Amino acid sequence: MSNTVMTLADVDRIVTDAVVAEYWERGYWISPPLFDDAEIERLRAAHERLWAGEYDFHTPSQYGIAPVTHGSNALRQQCNAFWLNAAIREAVLSPLLGAIAARLMRVDSVRLWHDQAIYKPGTGEGPTTDAGNVGWHQDYGFWTSASTTNMCTAWVALQDTDLHNGGMRTIVGSHKWGLVEGSDSFFDQDLEALAQKFAAQGGSPWLDEPCILKAGQASFHHALTFHGSGPNRSSEPRLSVVSHLMPGDTTFRAGRPWHPNNTLLGPNAYDGQPYSGDFWPQLWPVVSR
Ligand SMILES: O=C(O)CCC(=O)C(=O)O
């Protein structure tokens with residue numbers, strides 16, 4: 001039997017003003033299930049196809065978006081997976097994610113900044129390895145060419161996820177610290193060293209909270225919220241799809257550290273150029289594609 005999921009009709013009832021206030025106070029919010037069992041199965045199969053090099057549309061090499069992996073039993077990351085796979089495209093562009101993010105960001109329209117499919121290998125109970133770790137980081141540390149820090153990430157679990165299988169952890173309230181120097185540290189896997197470094201710069205205690213999710217649930221975090229994750233001690237991979245979202249009127253700020261998606265602005269990219277069009281599709285309000 002399929003799990004009960006939240007729908008667009010539920011957004012106003014569930015994402016209340018109190019929820020929005022919680023998101024802005026704590027830097028993240030965990031939703032009820034958004035994807036049903038059939039959708040989760042489709043997305044799990046999409047992962048399998050992606051890592052096997054089977055694509056529905058483009059191939060990564062056509063657009064310079066090759067997956068990032070560090071070794072055979074390591075974290076795998078595919079950015080802009082929505083160019084490659086139909087099920088992932090449907091999920092990361094879902095109006096439901098868009099409507100929730102619009103409420104949380106307190107904006108009228110929402111576009112995709114980019115997406116990710118993330119595969120964290122299960123290492124079992126053997127010796128601890130940090131090969132699957134995601135370093136403590138702030139998403140905006142990578143995104144300073146975007147005109148606002150008011151961006152929001154929806155991280156969708158494709159299995160029940162907790163600390164045992166390397167679930168994400170957030171540092172409560174850390175979005176209020178502003179952009180912290182050197183926080184583009186996703187691929188630095190020494191969580192302890194990073195925690196020491198960033199905790200010393202924070203304006204409040206380092207309060208590390210796990211995002212415990214059932215399959216189909218999503219956590220929504222602010223682009224300045226520190227987050228990361230540790231090893232997956234289960235014997236199965238931890239799979240997720242991630243939708244990084246921005247207000248519909250976000251523009252390019254020239255002269256900032258480069259982000260790969262800025263290449264898509266074309267050769268004459270200019271300060272103030274809107275991130276719009278097919279590379280940054282609108283999720284909310286719904287538009288026909
Ligand atoms: O998958 C993880 O553990 C971290 C993902 C992440 O950094 C993100 O979604 O912004």
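Nothing here was measured: the structure is a model prediction, and the numbers come from that model. Both counts, for ligands and for their atoms, begin at 1 and track the order of listing.
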Does His58 have any ring-ring contact (aromatic ring centres under 6.0 Å, His included) partners at least two apart in sequence or in another chain, and if so, which?
-> Tyr63

Under a side-chain separation threshold of 4.5 Å, the hydrophobic residues clustered together with Ile171 are Trp136, Trp177, Val180, Leu191, Leu194, Phe198, Trp206, Phe226

Just by distance, with hydrogens left out, do Ser243 and Asp115 show a side-chain donor and acceptor under 3.5 Å apart?
-> no

Contact set, ligand 1, heavy-atom distance under 4.0 Å, ordered by chain/number, equals Ile118, Val134, His137, Asp139, Thr153, Trp155, Met168, Phe186, His221, His227, Ser229, Arg238, Val242, His244

Do Gln78 and Tyr119 have side-chain heavy atoms sitting under 4.5 Å apart?
-> no

Could you walk me through whether Arg42 and Asp36 pass the salt bridge (Lys or Arg N to Asp or Glu O under 4.0 Å) test, one step at a time?
-> CA-CA 10 Å; Arg42 265 205 305 281; Asp36 66 22; 5.9 Å; no

Partner set under ring-ring contact (aromatic ring centres under 6.0 Å, His included) for His244, not counting sequence neighbours | His114, Trp143

